[in-house]
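Here the structure comes first, spelled out in structure tokens, and everything after it is commentary.
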Amino acid sequence: ITRLTERIRERIREVLPAHVVEVEDAIWWATGDVEQFTGFRVPPEGADELRSAEELPVVEVCNAMAWLLKQHQRLAAEDLEREAARCFGITRLGSVVRAAMERGLLRLVQSGRGIRDGESVRMP
């Protein structure tokens, strides 16, 4: 994160109401909202601009992976990361994208919504 980006984030935090919480770089009205949120935002049809991998909240990446596991039951971890990136319109897995997907996969496993089984990930 650049210094400018961090300064922008600090300014945003300063003007937010006191009751909002920040969890994994995403702003929520209440802590319970994080646990209940199971969605993820995909780019609109014909979108000219996509969110960069750095802009993807970990919770959304995790939710996309959980959705993919529901469809396939088991996927190789690399395939799960690639398919999750595609959910957000990202077609190439460079180092930044891979890091974002790895964070999502880690959260998926830690939350119990996916089980790491060697090189693959499966439904619990």
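The neighbour count for Glu10 CD, taken as heavy atoms of other residues, nucleotides or ligands under 6.0 Å away, is above 12.
Other cluster members for Val58: none, since no ILVMFWY side-chain heavy atom sits under 4.5 Å from it.
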Throw together a table of side-chain donor-acceptor distances under 3.5 angstrom for residues 82-92, partners on residues two or more places apart or in other chains.
residue	atom	partner	partner atom	Å
Arg82	NH1	Asp79	OD1	3.2
Arg82	NH2	Glu78	OE2	3.1
Glu83	OE2	Arg86	NH1	2.5

Pair up each side-chain donor or acceptor in residues 105-112 with any protein partner under 3.5 Å, not counting sequence neighbours, and list the distances.
residue	atom	partner	partner atom	Å
Arg107	NE	Glu24	OE1	2.6
Arg107	NE	Glu24	OE2	3.3
Ser111	OG	Arg107	O	3.1
Ser111	OG	Leu108	O	2.9
Ser111	OG	Arg113	N	3.4

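With sequence neighbours left out, Arg13 forms a salt bridge (charged side-chain N to carboxylate O under 4.0 Å, His left out) with Glu6, Glu22. Contacts of Leu16 classified as side-chain contact (heavy atoms from CB on, under 4.5 Å), with partners at least two apart in sequence or in another chain: Ile12, Val20, Ile27. A search for salt bridge (charged side-chain N to carboxylate O under 4.0 Å, His left out) contacts involving Asp117 returns Arg74, Arg122, not counting sequence neighbours. By the side-chain contact (heavy atoms from CB on, under 4.5 Å) test, Arg11 pairs with Glu14, sequence neighbours left out.
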> Does the side chain to side chain contact (heavy atoms under 4.5 Å, CB included) test come out yes or no for Val121 and Leu75, once each step is laid out?
Replying inline: CA-CA 6 Å; Val121 182; Leu75 285 167; 5.8 Å; no
> Can Met101 and Val61 be said to form a side chain to side chain contact (heavy atoms under 4.5 Å, CB included), step by step?
Replying inline: CA-CA 7 Å; Met101 297 303 116; Val61 175; 3.8 Å; yes
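The closest side-chain heavy-atom distance from Met65 to Leu69 is not below 4.5 Å.
Nearest heavy atom pair, residue Ala100 against residue Ala53, reads CB-O, 3.7 Å. Annotation for Lys70 and Met123: closest pair N-SD, 3.7 Å, computed over non-hydrogen atoms.
Applying the salt bridge (Lys or Arg N to Asp or Glu O under 4.0 Å) test to pairs two or more places apart or on separate chains, those with a residue in residues 43-57 are Arg51-Glu60.
The same ILVMFWY cluster, assembled from side-chain heavy atoms under 4.5 Å apart, contains both Leu56 and Val42.
Remark: side-chain polar atoms of Asn63 are paired, donor with acceptor, to backbone N or O of Gly39 under 3.5 angstrom.
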